[in-house]
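Heads up, the thing below is written out as structure tokens.
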Amino acid sequence: MSVSANIWALIPIKARGQGKSRLAVTLSDAERDALVDAMLRHVVDAAADAKTVARTVLVGPSRHGMDAGIPLIDEPGSGLNDALAKALDEISNARGRPDRLIVIAADLPCVTALDLDLLAEAPHGTIAIAPDRHGTGTNALCLPLPEAAGFRFHYGTDSAARHREEAERLGLSVETILSEGLEKDIDEPSDLVDAGQVYTIKH
Ligand SMILES: Nc1nc2c(ncn2[C@@H]2O[C@H](COP(=O)(O)OP(=O)(O)OP(=O)(O)O)[C@@H](O)[C@H]2O)c(=O)[nH]1
Ligand SMILES: O=C(O)[C@H](O)COP(=O)(O)O
């Protein structure tokens, strides 16, 4: 890949107070908000430190206190797939649009800048998919543009397999990226052990 490739990171973030609802059995509302913000800050910082990432964009109803310099794309309010579809459409048509778009979840407290550089280095005509620790969910994607401008997001059950099928539909190859930092999203209380690097639970 050319060193001058223009690569952007897109981070979806749910409305304040709604994120990480599956952790409500363990964490109070305030604790979940603090955890969501700490993980988002970590992912934003990893993108800022990645050599390959030129620009970071958020999609969601609010910027959760992130710097005003990070653009926020408003979402339709009908779920993650619709939010990302709108953002992909806007970014694909933006002036100076990227050659590649990394879509990365905001709940990856172990992700590093190197992980993002690894994702960005997929060969030409390839979509990179980083699955979760179970191998079934999708924690990050790297989409080549404009080839994948029509990519349809399938977050939900078995999203990794469905995203591979979507690449096939577009005539693109798939590279699966496995790394601890990309695998460890925080969904269930048992995952919280991996969040200790960014957030300490006080009880
Ligand atoms: N903009 C936007 N982001 C979303 C939406 N749903 C999920 N996300 C984000 O997508 C990423 C992966 O989502 P999940 O792992 O399901 O996280 P979550 O929705 O906060 O967790 P639960 O409430 O427990 O399902 C996280 O960065 C979420 O903030 C949505 O409707 N809109
Ligand atoms: O792959 C997915 O659908 C997303 O990662 C959301 O799944 P999760 O909520 O299990 O992380």
Side-chain angles (χ1 to χ4, degrees), residues 9-47 56-66 70-91 101-111 116 119 127-143 151-167 174 176-179 181-192 194-195 198-199:
L10 174 66
I11 306 173
I13 187 75
K14 254 183 176 175
R16 180 169 287 276
Q18 290 182 16
K20 294 297 131 199
S21 55
R22 280 167 285 175
L23 299 179
V25 286
T26 309
L27 301 182
S28 68
D29 292 355
E31 286 170 329
R32 281 187 292 127
D33 278 348
L35 171 65
V36 166
D37 286 357
M39 293 195 294
L40 173 62
R41 163 56 63 195
H42 178 81
V43 177
V44 165
D45 286 349
T56 296
V57 179
L58 302 176
V59 56
S62 86
R63 64 176 64 255
H64 287 248
M66 293 300 112
I70 300 179
L72 175 73
I73 295 177
D74 196 14
E75 65 161 78
S78 46
L80 177 57
N81 290 320
D82 288 350
L84 290 172
K86 177 170 183 260
L88 177 60
D89 183 53
E90 284 193 21
I91 289 170
L101 180 65
I102 292 174
V103 179
I104 181 157
D107 62 348
L108 300 174
C110 303
V111 77
L116 300 185
L119 262 175
I127 290 181
I129 300 181
D132 65 8
R133 68 184 88 208
H134 311 290
T136 52
T138 307
N139 284 343
L141 293 164
C142 182
L143 304 177
F151 189 86
R152 294 183 200 142
F153 294 96
H154 291 290
Y155 285 92
T157 307
D158 289 332
S159 66
R162 298 195 69 195
H163 288 145
R164 286 189 189 100
E165 288 165 13
E166 182 59 16
V174 170
T176 301
I177 307 290
L178 299 177
S179 87
L182 288 164
E183 281 175 3
K184 290 181 171 176
D185 59 342
I186 306 298
D187 288 330
E188 309 288 342
S190 58
D191 301 332
L192 276 170
D194 295 319
V198 301
Y199 179 71

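Atoms within a ligand are numbered from 1 in the order they appear, just like the ligands themselves. Just the heavy atoms: all of them, side chains too, but no hydrogens, waters or symmetry mates, feed the values below. If you read the sequence from its start, that first residue is 1, and numbering goes on from there.
- Some N or O of Pro12 is nearer than 3.5 Å to an N or O of ligand 1, by distance alone.
- At a threshold of 4.0 Å, the pair Lys20-Asp187 counts as salt-bridged, since one of the basic side-chain nitrogens sits closer than that to a carboxylate oxygen.
- For atom 13 (O) of ligand 1, no protein non-hydrogen atom is found at a distance below 4.0 Å.
- Within 4.0 Å of atom 4 (C) of ligand 2, at least one protein heavy atom is present.
- Under the 4.0 Å criterion applied to side-chain N and carboxylate O atoms, Arg162 and Glu166 are not assigned as salt-bridge partners.
- Checked by distance only, ligand 1 and Ile13 come closer than 3.5 Å through their nitrogen or oxygen atoms.
- Close N/O approach between Asp185 and ligand 1 is not found [any backbone or side-chain N/O within under 3.5 Å].
- In this structure, atom 11 (O) of ligand 2 has a protein heavy-atom contact shorter than 4.0 Å.
- For Ala105, the heavy-atom gap to ligand 2 stays at 4.0 angstrom or more.
- Looking at Arg162 against ligand 2, nothing comes within 4.0 Å, counting heavy atoms.
- For ligand 1, the atoms lying closer than 4.0 Å to a non-hydrogen atom of Gly19 are 20 (O).
- Considering backbone and side-chain atoms together, Leu23 places no N or O closer than 3.5 Å to any N or O of ligand 1.
- Where the criterion is an N or O separation shorter than 3.5 Å, residue side chain and backbone included, Ala83 fails it with respect to ligand 1.
- Selection from Asp82, Val36, Leu80, Asp132 by nearest heavy atom to atom 10 (O) of ligand 1 gives Leu80.
- The Val59 neighbourhood of ligand 1 comprises atoms 1 (N), with distances under 4.0 Å to a heavy atom of that residue.
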